[in-house]
Amino acid sequence: MLVQTLAWWGPRGWAVPGLGRLASEVGRLVSAHGFAAAVLATITAVVMAVAAGLAAAVALGVVFGSSRLAYRAFGLPFEILRPVPAVAFIPLAILALGQGRTMEVAVGALGCWWPMLFNTVYGVGQVDAQARDAARVLGCGRLALVVRVVLPSILPFLMAGLRTAAPLALIIVIGAEYLASAGHGLGGVLIQATSTGDIDVLWATAVLTGVLGIAIGAAVALATRLACPWAAERAR
């Protein structure tokens, strides 16, 4: 309804296509040669970015959540860096890492790890003290305590952060593909459409990106139910 309204009454510069025309362009774009490869390239970069951000968030989150000294020492710099948009680091990342996938993954990980990091820190603070003490009495060292007690306890918090981080990584990776003019992924599709002035393709790509974001969110929600079903039951 909103798209059709904009097509009728929106500013001419937007050139919003009608629903029928937009649906036709979406279908054509999906079946176009090379589009599936572009989607796969973007998804691959997103998965790698989320995995890298997740690993960093868990490692640092457990340290910050377990040690007040570490959080006081490094908490302020992280709080200062958190509002800085990830796209601001793309030019620096291009200079340091080039225009390939490594740059896209690095920028995506840098932009999406914040929700997972702070959820991990909060989750570590919520770990049952009695469970910690019982594990120590049973002879668990620090590593065993983290693996057997801390990580299972923070899993619901971590998955909640992941649900925010994964769609965010999609946005950042596509932005990196576009700004780096790498020529691949959905960012490459947008570059080509921009250079040829094909507004219909731009709108169709935006729609398909939204669908892809919904699919990623649904996949993370399913993974959450499978990884920690007790949290889902408690939420009901």
- With sequence neighbours excluded, residues passing side chain to side chain donor-acceptor pair (under 3.5 Å) with T42: E177

Quick one: pull up [atom1] in [X] and [atom2] in [Y] and give me the separation to the nearest 0.5 Å.
X	Y	atom1	atom2	answer
L190	T209	CG	OG1	6.5 Å
L186	I191	CG	CD1	11.0 Å
M159	T224	CE	OG1	3.5 Å
F35	R28	CZ	CZ	10.0 Å
L202	Q192	CG	CD	10.5 Å
L212	T205	CG	OG1	11.5 Å

Could you pull out the closest heavy-atom pair between [X] and [Y], with the gap in Å?
X	Y	result
G108	A49	C-CB, 3.7 Å
V50	A169	CG2-CB, 3.7 Å
C112	I172	N-CD1, 4.1 Å
S153	V127	CB-CG2, 3.8 Å
M103	A180	CE-CB, 3.4 Å
N119	F157	ND2-O, 2.9 Å

- Message: Counting C-beta onward and ignoring hydrogens, is there a side-chain heavy-atom pair between L151 and V58 closer than 4.5 Å?
- Response: yes

- For the residue pair W203 and V26, establish whether any side-chain heavy-atom pair is separated by less than 4.5 Å. no

If Ile, Leu, Val, Met, Phe, Trp and Tyr residues are connected whenever their side-chain heavy atoms lie under 4.5 Å apart, and connections chain through other members, are [X] and [Y] in the same group?
X	Y	result
V105	L117	no
I171	F89	no
I174	V201	yes
V220	I214	no
L81	L168	yes

- Steps toward side-chain contact (heavy atoms from CB on, under 4.5 Å) verdict (R101, T44): CA-CA 9 Å; R101 177 160 295 168; T44 301; 3.5 Å; yes

Counting only heavy atoms not in [X], do more than 12 sit closer than 6.0 Å to its [atom1] atom?
X	atom1	result
R163	CZ	no
Y122	OH	no
Q99	CD	yes

- Could you walk me through whether L54 and W113 pass the side-chain contact (heavy atoms from CB on, under 4.5 Å) test, one step at a time? CA-CA 6 Å; L54 178 63; W113 81 313; over 6 Å; no

- Give a yes/no verdict on a cation-pi contact between R82 and F118, requiring under 6.0 Å between NZ or CZ and the six-membered ring centre and an angle within 45° of the axis. yes

- Task: For T120 and F64, run side-chain contact (heavy atoms from CB on, under 4.5 Å): C-alpha distance rounded to whole Å, both residues' side-chain angles, the deciding distance at 0.1 Å, then the answer.
- Result: CA-CA 9 Å; T120 301; F64 290 164; over 6 Å; no

- Query: What do the steps show when you test L158 against L162 for side-chain contact (heavy atoms from CB on, under 4.5 Å), and what is the final call?
  - Reply: CA-CA 6 Å; L158 187 59; L162 181 61; 5.8 Å; no

